[in-house]
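Below: the structure, in structure tokens.
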Amino acid sequence: MYTSEGLMAYKPNPKFYLTILNECGYSLEEVLYVGDSCEEDIIAPSQLGIKTALVDRKKSGNEYGQTFSINDISQLCPILGC
């Protein structure tokens, strides 16, 4: 489990995302970052080349560069192929 406090890097600092990827041994292309905050969970990882899924519970339809938009995390299965 990773936290901003533990990494001493607060979202949307790219160090937060890159440290986790590096420590887990994943490439940018192998990861889907899921979150409900456009500023903290979508914009920064998208700019790094990480695929993102915005959980848009309010169904705003806003675009922040996310790869996918979902209304509920249960919609991740079709994206992940499970």
Side-chain angles (χ1 to χ4, degrees):
M1 175 184 280
Y2 293 92
T3 65
S4 295
E5 288 291 324
L7 295 175
M8 297 303 294
Y10 299 89
K11 297 184 294 183
N13 183 338
K15 179 183 174 189
F16 176 84
Y17 312 98
L18 296 174
T19 299
I20 295 169
L21 291 175
N22 189 36
E23 289 187 10
C24 292
Y26 292 108
S27 69
L28 298 172
E29 298 79 22
E30 295 177 290
V31 173
L32 175 67
Y33 196 89
V34 180
D36 61 358
S37 168
C38 60
E39 291 87 8
E40 295 182 357
D41 299 324
I42 302 302
I43 295 172
S46 292
Q47 290 174 340
L48 292 171
I50 298 170
K51 292 180 292 265
T52 56
L54 174 64
V55 182
D56 185 8
R57 291 182 182 95
K58 296 179 182 178
K59 301 178 184 177
S60 69
N62 292 335
E63 288 293 324
Y64 302 99
Q66 68 266 27
T67 312
F68 304 98
S69 291
I70 58 175
N71 301 320
D72 185 272
I73 58 171
S74 65
Q75 294 174 310
L76 285 174
C77 275
I79 293 169
L80 299 173
C82 54

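All residue numbers in this chain count up from 1 along the given sequence.
- In terms of hydrophobic clustering, with Ile, Leu, Val, Met, Phe, Trp and Tyr side chains grouped at heavy-atom distances under 4.5 Å, Leu32 and Leu54 are assigned to different clusters.
- With hydrogens and angles disregarded, no donor-acceptor distance shorter than 3.5 Å links the side chain of Asp36 to the backbone of Val55.
- Arg57 CZ to Asp72 CG: the interatomic distance, rounded to the nearest 0.5 Å, is 7.5 Å.
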Glu23/Tyr2 under side-chain contact (heavy atoms from CB on, under 4.5 Å): CA gap, chis, key distance, verdict: CA-CA 10 Å; Glu23 289 187 10; Tyr2 293 92; 3.2 Å; yes

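- Here ring-ring contact (aromatic ring centres under 6.0 Å, His included) pairs that include residues 22-59, with residues two or more places apart or in two chains, are Tyr17-Tyr33.
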Audit row: Thr67, Ile79, side-chain contact (heavy atoms from CB on, under 4.5 Å) steps and yes/no: CA-CA 10 Å; Thr67 312; Ile79 293 169; over 6 Å; no

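- For Lys11 against Glu40, the heavy-atom pair with the smallest separation is CD-O, 3.7 Å.
- Across all their heavy atoms, Met8 and Lys15 have their closest contact at O-NZ, 4.3 Å.
- Atom CD of residue Glu30 and atom SG of residue Cys24 lie 11.0 Å apart, to the nearest 0.5 angstrom.
- In plain terms, the two heavy atoms of Cys82 and Cys77 that are nearest each other are SG-SG, 2.5 Å.
- One hydrophobic cluster, built from ILVMFWY side chains closer than 4.5 Å, cannot hold both Ile50 and Ile43; they sit in different ones.
- Annotation: the span from Leu7 atom CG to Thr19 atom OG1 amounts to 5.5 Å, rounded to 0.5 Å.
- Ser27 and Glu29 form a side-chain donor-acceptor contact under 3.5 Å, judged by distance and modelled atom types alone.
- Minimum interatomic distance between Gly6 and Thr3 (heavy atoms only, all atoms of both residues): N-OG1, 2.9 Å.
- Criterion: ILVMFWY side-chain heavy atoms under 4.5 Å apart, direct or through other members. Under it, Val31 and Leu48 are part of a common hydrophobic cluster.
- Under the 3.5 Å distance criterion, with hydrogens and angles disregarded, a donor-acceptor pair is assigned to the side chains of Ser60 and Asp56.
- Summarising the geometry of Phe16 relative to Ala9, their closest heavy-atom pair is CD1-O, 3.4 Å, with the distance given to 0.1 Å.
- Considering every non-hydrogen atom in both Gly65 and Thr52, the closest pair reads O-OG1, 4.1 Å.
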